[in-house]
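Quick note on labels: first sequence line is chain A, next is B, and so on, each numbered from 1.
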Amino acid sequence: MSTASSTVLAPDWFTRPTCVVAADLVGKVLCRKLIDTDDTVKVLRMRISETEAYIGESDPACHSHAGTRTSRTEIMYEQGGVFYVYLTYGVHHMLNLISGAAESPESVLIRAGFLTEDSDRLFDEQLLSSDKQLSHPKQFAGPGKLTKRLQIDRDLYGKVIGPASAVWIEDDGCQSPISLRPRIGIDYAGEAKDWLLRYVWTDHASLSKK
DNA sequence: CACACGATGCACT
DNA sequence: GTGCATCGTGTGA
């Protein structure tokens, strides 16, 4: 329930070590306020089922590997608690939460989730539900599908994680079993492709990969 | 300035 | 299993 027992995670919550943040995010609720097609305000609530940690300059798969500090990666050097969103393959927006201390360019990628029972429904839910891309109308098994449904793009880049940005995280006390897996889509990263930095809700149906 | 390519998803064989 | 859309960005000329 997203009622009295829910708390909004403050930016400081994300300044803890990246792997801790990534693991703790599984089971939390990613909230997205937006204006529906009928001009009403809606809050979509997506419970996170899968995350990945990208642990900075020593991580070959991380955009900040070897100290790569550019206009794109600059935000990663901020203290945890802000968004890093980028476009990949010219198509998909990837939602990342910057984690850890300042000058420690690390982040957590949100890879999958599912809409909670008490999430607002979009006016055009029928249209979205009929989208046969989705194996189940409420599950979003993959980072690109998730951002598409939540209408998240690079407008979020650099904003503070919280209600003022229209995207925030709530903790409603949900506890979920966590398993560790290798990360996805980083075969170019050598030995790092085998590092167990993907955190999944054990056996959940909404995972991006078994 | 040119160019290679990606933290994906989907269609098709 | 393979092919490919589509474009911002990092890299090197």
Side-chain angles (χ1 to χ4, degrees), chain A residues 14 17-19 21-23 25-26 30 46 48-78 80 82-100 104-115 127-159 161 167 178-201 204-210:
Chain A
F14 301 91
T18 295
C19 292
V21 172
L25 278 169
V26 176
L30 172 61
M46 180 87 73
I48 297 166
S49 61
E50 178 176 357
T51 66
E52 279 178 357
Y54 287 83
I55 55 175
E57 301 183 339
S58 62
D59 177 1
C62 187
H63 290 166
S64 61
H65 66 90
T68 303
R69 188 165 184 162
T70 64
S71 57
R72 180 175 68 153
T73 62
E74 182 63 30
I75 197 64
M76 300 187 79
Y77 289 79
E78 294 288 314
V82 296
F83 292 107
Y84 170 41
V85 181
Y86 67 94
L87 186 66
T88 192
Y89 295 100
V91 182
H92 306 290
H93 296 280
M94 299 290 105
L95 173 62
N96 292 259
L97 311 181
I98 298 304
S99 50
S104 178
E106 310 182 6
S107 69
V108 177
L109 171 68
I110 307 299
R111 287 195 58 89
F114 55 99
L115 291 179
L127 181 66
L128 291 167
S129 296
S130 66
D131 189 342
K132 67 180 181 181
Q133 301 168 17
L134 304 174
S135 57
H136 183 288
K138 293 182 182 176
Q139 296 180 5
F140 299 87
K145 296 179 195 176
L146 186 146
T147 55
K148 181 183 177 188
R149 177 53 175 268
L150 297 182
Q151 299 177 34
I152 286 170
D153 59 27
R154 288 180 301 160
D155 286 349
L156 255 195
Y157 181 98
K159 291 184 177 174
I161 301 169
V167 180
I178 310 287
S179 297
L180 276 59
R181 298 281 184 273
R183 291 175 293 180
I184 299 294
I186 56 162
D187 287 348
Y188 59 84
E191 64 177 33
K193 73 177 170 57
D194 299 320
W195 295 355
L196 297 175
L197 294 178
R198 184 161 63 109
Y199 300 83
V200 305
W201 185 320
H204 197 276
S206 68
L207 303 183
S208 66
K209 186 175 177 182
K210 295 290 190 277

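- Note that the CG atom of A:Leu109 and the CG atom of A:Leu146 stand 9.5 Å from one another [nearest 0.5 Å].
- Taking atom CZ of residue A:Arg183 and atom P of nucleotide B:dA7, one finds them 11 Å apart after rounding to whole Å.
- The pairing partner recorded for C:dT6 is none, the criterion being a Watson-Crick or G-U wobble arrangement whose two distances lie under 3.5 angstrom.
- On the C1' atoms, C:dG3 is 16 Å away from B:dC5, given to the nearest whole Å.
- In this pair, A:His204 and A:Phe114 present their aromatic rings parallel. The plane angle is below 30°, not in the 30 to 60° band.
- In this structure, A:Tyr86 places its OH atom 17 Å from P of C:dC7, rounding to the nearest Å.
- When the P atom of B:dA7 is taken as reference, atom CE of A:Met76 falls 11 Å away, rounded to whole Å.
- Atom NE2 of A:His93 and atom P of C:dC7 are 10 Å apart (whole Å).
- A 3.5 Å limit on both hydrogen-bonding distances identifies no Watson-Crick or G-U partner for B:dA7.
- Taken to the nearest 0.5 Å, the CG atom of A:Leu97 stands 6.0 Å off from the CZ atom of A:Phe83.
- As a whole-Å value, the separation of A:His63 NE2 from C:dG8 P is 15 Å.
- With A:Thr73 contributing its side chain and A:His63 its backbone, the two residues share no donor-acceptor pair below 3.5 Å.
- In this structure, A:Glu52 does not pair ionically with A:Arg183, as no charged nitrogen and carboxylate oxygen lie closer than 4.0 Å.
- In the set C:dG8, B:dG6, B:dA7, the nucleotide with an atom closest to the side chain of A:Tyr89 is B:dG6.
- Here OG1 of A:Thr51 is found 11.5 Å from CG of A:Leu95. Values are rounded to the nearest 0.5 Å.
- Picking from C:dG10, C:dT6, B:dA7 the nucleotide with the shortest atom distance to the side chain of A:Val91 gives C:dT6.
- Between C:dT6 and B:dA2, the distance separating the two P atoms is 22 Å to the nearest Å.
- Remark: P of B:dT8 and NE2 of A:His92 are 9 Å apart, rounded to the nearest angstrom.
- We find that the ring of A:Tyr54 and the base of B:dA7 stack, their centres lying under 5.5 angstrom apart and their planes tilted less than 30°.
- Regarding A:His65, its NE2 atom lies at a distance of 12 Å from the C1' atom of B:dC5, rounded to whole Å.
- Counting any heavy atom pair closer than 4.0 Å across all strands shown, A:Ser107 reaches a base atom.
- Put simply, A:Thr88 has no side-chain N or O that comes within less than 4.0 Å of OP1 or OP2 on B:dT8.
- Distances shown here put every side-chain N or O of A:Arg72 at or beyond 4.0 Å from the OP1 or OP2 atom of C:dG8.
- Side-chain nitrogen and oxygen atoms of A:Lys145 include at least one within less than 4.0 Å of the OP1 or OP2 phosphate oxygen of B:dC10.
- Within the structure, a side-chain polar atom (N or O) of A:Arg154 is placed less than 4.0 Å from OP1 or OP2 of C:dT9.
- OP1 or OP2 of B:dA7 sits under 4.0 Å from a side-chain N or O of A:Tyr188.
- Here A:Leu109 lies in heavy-atom contact (under 4.0 Å) with a base.
- For the pair A:Asp155 CG and C:dG8 P, the computed distance is 13 Å after rounding to whole Å.
- Using a 4.0 Å cut-off, no side-chain N or O of A:Arg69 falls inside it from OP1 or OP2 of C:dG10.
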